[in-house]
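Below is one structure, written out as structure tokens, with a few remarks after it.
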Amino acid sequence: MTKIIRITTVPVSLGGLLKGQLKFMSNYYEIIGISSEGSTTINSGIHDVAKEEGIRVIPVEMTRKITPFKDLRAVYELYKVFKKEKPIIVHSHTPKAGTLSMLAAKLAGVPNRLHTIAGLPLLVVTGPKRKLLDFVEKLTYSCATKIYPNSYGLKDIIVANKYTTISKLKVIAKGSSNGIDTSHFDPTLYAETDKVSLRKELSIELSDIVFLFVGRLVKDKGINELITAFKKINKAYDHAKLVLVGTYEKDLDPLDPETEKEINLNSNIISVGWQSDVRPFFSIADVLTFPSYREGFPNVVMQAGAMSLPSIVTDINGCNEIVSEGINGLIIPVKNTEALHNAMKKILTEAKLKERLGNKSREVIVNRYERTYVWEQLLKEYKELIN
């Protein structure tokens with residue numbers, strides 16, 4: 001059977017970012033998954049992904065940081081795997097896995113070397129580190145035979161930065177790496193009694209307006225601006241709550257100390273940590289606040305839309321493709337606390353606007369980003385490349 005190897009840096013990406021897709025592709029090809037071993041208290045390991053997706057997996061240790069010696073070892077390990085397995089396609093996701101596996105796949109003579117871009121962390125880096133990251137990005141693309149930006153905005157950024165030739169670039173479907181399972185993210189699955197129970201558990205009154213953030217609690221996600229804007233909202237409106245779903249990454253991208261202090265001390269900010277199922281929190285929220293600095297094609301914004309939630313997002317690629325201003329959400333400039341505050345104030349004070357945006361949100365996602373459509377378009381691409 002034709003072999004395809006799918007690679008991410010860590011197993012939480014392999015099992016989460018590509019959830020269901022690997023099992024679907026197994027109907028047509030032998031799929032092998034590669035990532036680091038993983039397995040922590042909150043993230044499943046690679047062998048859990050194997051059980052969930054019904055695929056064979058091979059652990060190869062990779063780090064998300066710049067670690068030259070470990071990276072060279074990983075390239076060698078990947079090279080050995082590719083020479084042994086002889087896949088027709090190696091398809092990588094996430095920055096580090098992309099660089100290491102595209103280089104190893106080229107050295108091993110893999111004919112189809114595919115890399116999906118779901119965001120460019122280097123865009124917010126400056127100085128010598130930016131030059132290094134630009135070089136690594138160009139190296140990754142030069143080793144690949146095809147690059148798949150997961151949004152049209154990301155494709156434009158890649159072209160503008162001259163990372164590769166236009167002929168190598170293609171957006172699958174209408175964007176997104178995996179689409180969204182709209183039967184799973186469905187607001188009708190949650191009864192009023194469920195919502196009342198969760199609100200009570202979190203000390204949220206039925207009359208409260210709930211702003212929600214889902215994702216890593218880091219600077220790049222705009223959390224400093226979100227907390228500052230909410231603090232201002234809180235002074236004027238006593239019926240506002242902010243629910244944060246996610247964990248800190250203090251070693252990679254720490255928040256300002258005053259931001260973290262406000263999260264810990266403000267009783268109207270409810271931080272619930274990492275959650276294996278985010279849907280209950282979408283079900284009790286009024287709006288998703290997602291003031292990120294950079295994204296590829298954010299799953300969280302699609303999930304919110306599928307749950308009939310409007311979103312306040314920044315004017316960045318991915319976000320401004322899923323959300324249309326005044327249709328299914330509000331779009332604000334990046335790093336603009338005042339604009340974020342004003343958008344949050346609109347949601348608080350204009351009930352009809354909030355209702356209208358919410359009513360349109362699910363329809364947009366169902367029509368454009370249903371995951372089976374994304375899978376079928378990727379399968380079509382695989383078949384064309386192999387044939």
Side-chain angles (χ1 to χ4, degrees), residues 187 190 192 195-196 198-200 202-215 217 221-246 258-259 262-263 265-272 278 280-293 298 300-316 319-320 322-365:
Y190 293 86
E192 282 304 315
K195 299 177 195 177
V196 169
L198 182 55
R199 277 183 171 243
K200 190 175 181 181
L202 298 175
S203 301
I204 298 172
E205 300 294 333
L206 293 179
S207 57
D208 286 341
I209 296 292
V210 179
F211 296 95
L212 176 69
F213 172 85
V214 179
L217 303 181
K221 294 291 184 184
I223 299 299
N224 290 323
E225 290 83 357
L226 177 58
I227 297 305
T228 303
F230 182 75
K231 192 176 175 183
K232 193 174 175 184
I233 286 282
N234 221 200
K235 286 179 180 175
Y237 304 93
D238 57 6
H239 64 295
K241 294 283 194 292
L242 174 61
V243 176
L244 304 174
V245 181
E258 55 268 34
T259 297
E262 185 68 21
I263 292 171
L265 297 179
N266 189 330
S267 61
N268 289 318
I269 299 175
I270 303 150
S271 186
V272 298
V278 294
F281 300 94
F282 284 124
S283 77
I284 63 162
D286 291 278
V287 63
L288 176 75
T289 43
F290 198 72
S292 183
Y293 296 176
V300 167
V301 180
M302 288 193 293
Q303 291 167 357
M307 292 292 289
S308 294
L309 267 196
S311 295
I312 298 171
V313 299
T314 37
D315 193 8
I316 57 173
C319 287
N320 58 17
I322 301 167
V323 173
S324 299
E325 172 66 28
I327 303 296
N328 58 338
L330 302 173
I331 301 175
I332 60 167
V334 179
K335 301 181 183 179
N336 191 321
T337 305
E338 190 59 30
L340 176 58
H341 168 262
N342 291 339
M344 293 169 79
K345 186 178 173 183
K346 265 190 174 183
I347 295 295
L348 266 168
T349 58
E350 299 179 30
K352 285 185 178 178
L353 171 68
K354 178 170 73 73
E355 186 181 354
R356 179 165 57 79
L357 297 177
N359 288 341
K360 197 71 178 173
S361 294
R362 181 168 170 82
E363 181 188 322
V364 169
I365 302 302

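If you take CD1 on I233 and OG1 on T228, they are separated by 12.5 Å, rounding to the nearest 0.5 Å. Note that CD1 of I269 and NZ of K231 are 9.0 Å apart. Values are rounded to the nearest 0.5 Å. Atom CG of N224 sits about 3.5 Å away from atom OG1 of T259, to the nearest 0.5 Å. Taking CE of M302 as the start and SG of C319 as the end, the distance is 10.5 Å to the nearest 0.5 Å.
Applying the side-chain hydrogen bond (donor to acceptor under 3.5 Å, both in side chains) test to N320 and every residue at least two apart in sequence or in another chain returns D315. Every residue meeting the side-chain hydrogen bond (donor to acceptor under 3.5 Å, both in side chains) condition with K360, not counting sequence neighbours, appears here in chain and number order: E363. Remark: F282 engages no residue in a ring pair (Phe, Tyr, Trp, His ring centres under 6.0 Å) (not counting sequence neighbours). By the side-chain hydrogen bond (donor to acceptor under 3.5 Å, both in side chains) test, Y190 pairs with R279, sequence neighbours left out. Qualifying ring pair (Phe, Tyr, Trp, His ring centres under 6.0 Å) partners for F230, counting only residues two or more places apart in sequence or in other chains: none.
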Go through it in stages, so that I can follow the logic: the residues are L330 and L357, the test is side chain to side chain contact (heavy atoms under 4.5 Å, CB included), and I'd like the CA-CA distance, side-chain angles, deciding distance and then a yes or no. CA-CA 9 Å; L330 302 173; L357 297 177; 4.2 Å; yes
Checking side chain to side chain contact (heavy atoms under 4.5 Å, CB included) for the pair V243/I204: CA distance, chi angles, key distance, verdict? CA-CA 10 Å; V243 176; I204 298 172; 3.9 Å; yes
CA sep, side-chain torsions, deciding dist, call: I322, S311, side chain to side chain contact (heavy atoms under 4.5 Å, CB included): CA-CA 10 Å; I322 301 167; S311 295; over 6 Å; no
Using side chain to side chain contact (heavy atoms under 4.5 Å, CB included), reason through L242 and L226 one step at a time and then give a plain yes or no. CA-CA 9 Å; L242 174 61; L226 177 58; 4.2 Å; yes
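Shortest non-hydrogen contact noted between P310 and G358 is CD-CA, 3.8 Å. What you find for S292 and I316 is that their closest heavy atoms are O-CD1, 3.6 Å. Taking every heavy atom of both residues into account, N266 and N268 meet most closely at OD1-N, 2.8 Å. Considering all non-hydrogen atoms of both residues, S271 and L217 come closest at OG-CD1, 4.1 Å. Closest approach of P333 and T314 over heavy atoms only: O-CG2, 3.8 Å.
Of the possible polar contacts, none joining the R362 side chain to the M307 backbone as a donor-acceptor pair under 3.5 Å is found. Panel note: side chain T289, backbone L212; a donor-acceptor pair is recorded below 3.5 Å.
At least one side-chain heavy atom of E225 sits under 4.5 Å from a side-chain heavy atom of Y293. A 4.5 Å side-chain heavy-atom check between V214 and F290 finds every atom pair outside the cut-off. Side-chain contact between L202 and V210: absent, with no pair of heavy atoms (C-beta onward) separated by less than 4.5 Å. Q303 is not listed as a side-chain neighbour of L309, based on a closest heavy-atom distance of 4.5 Å or more.
Listed by first and then second residue, the side-chain hydrogen bond (donor to acceptor under 3.5 Å, both in side chains) pairs involving residues 326-352 are K232-E338 (not counting sequence neighbours).
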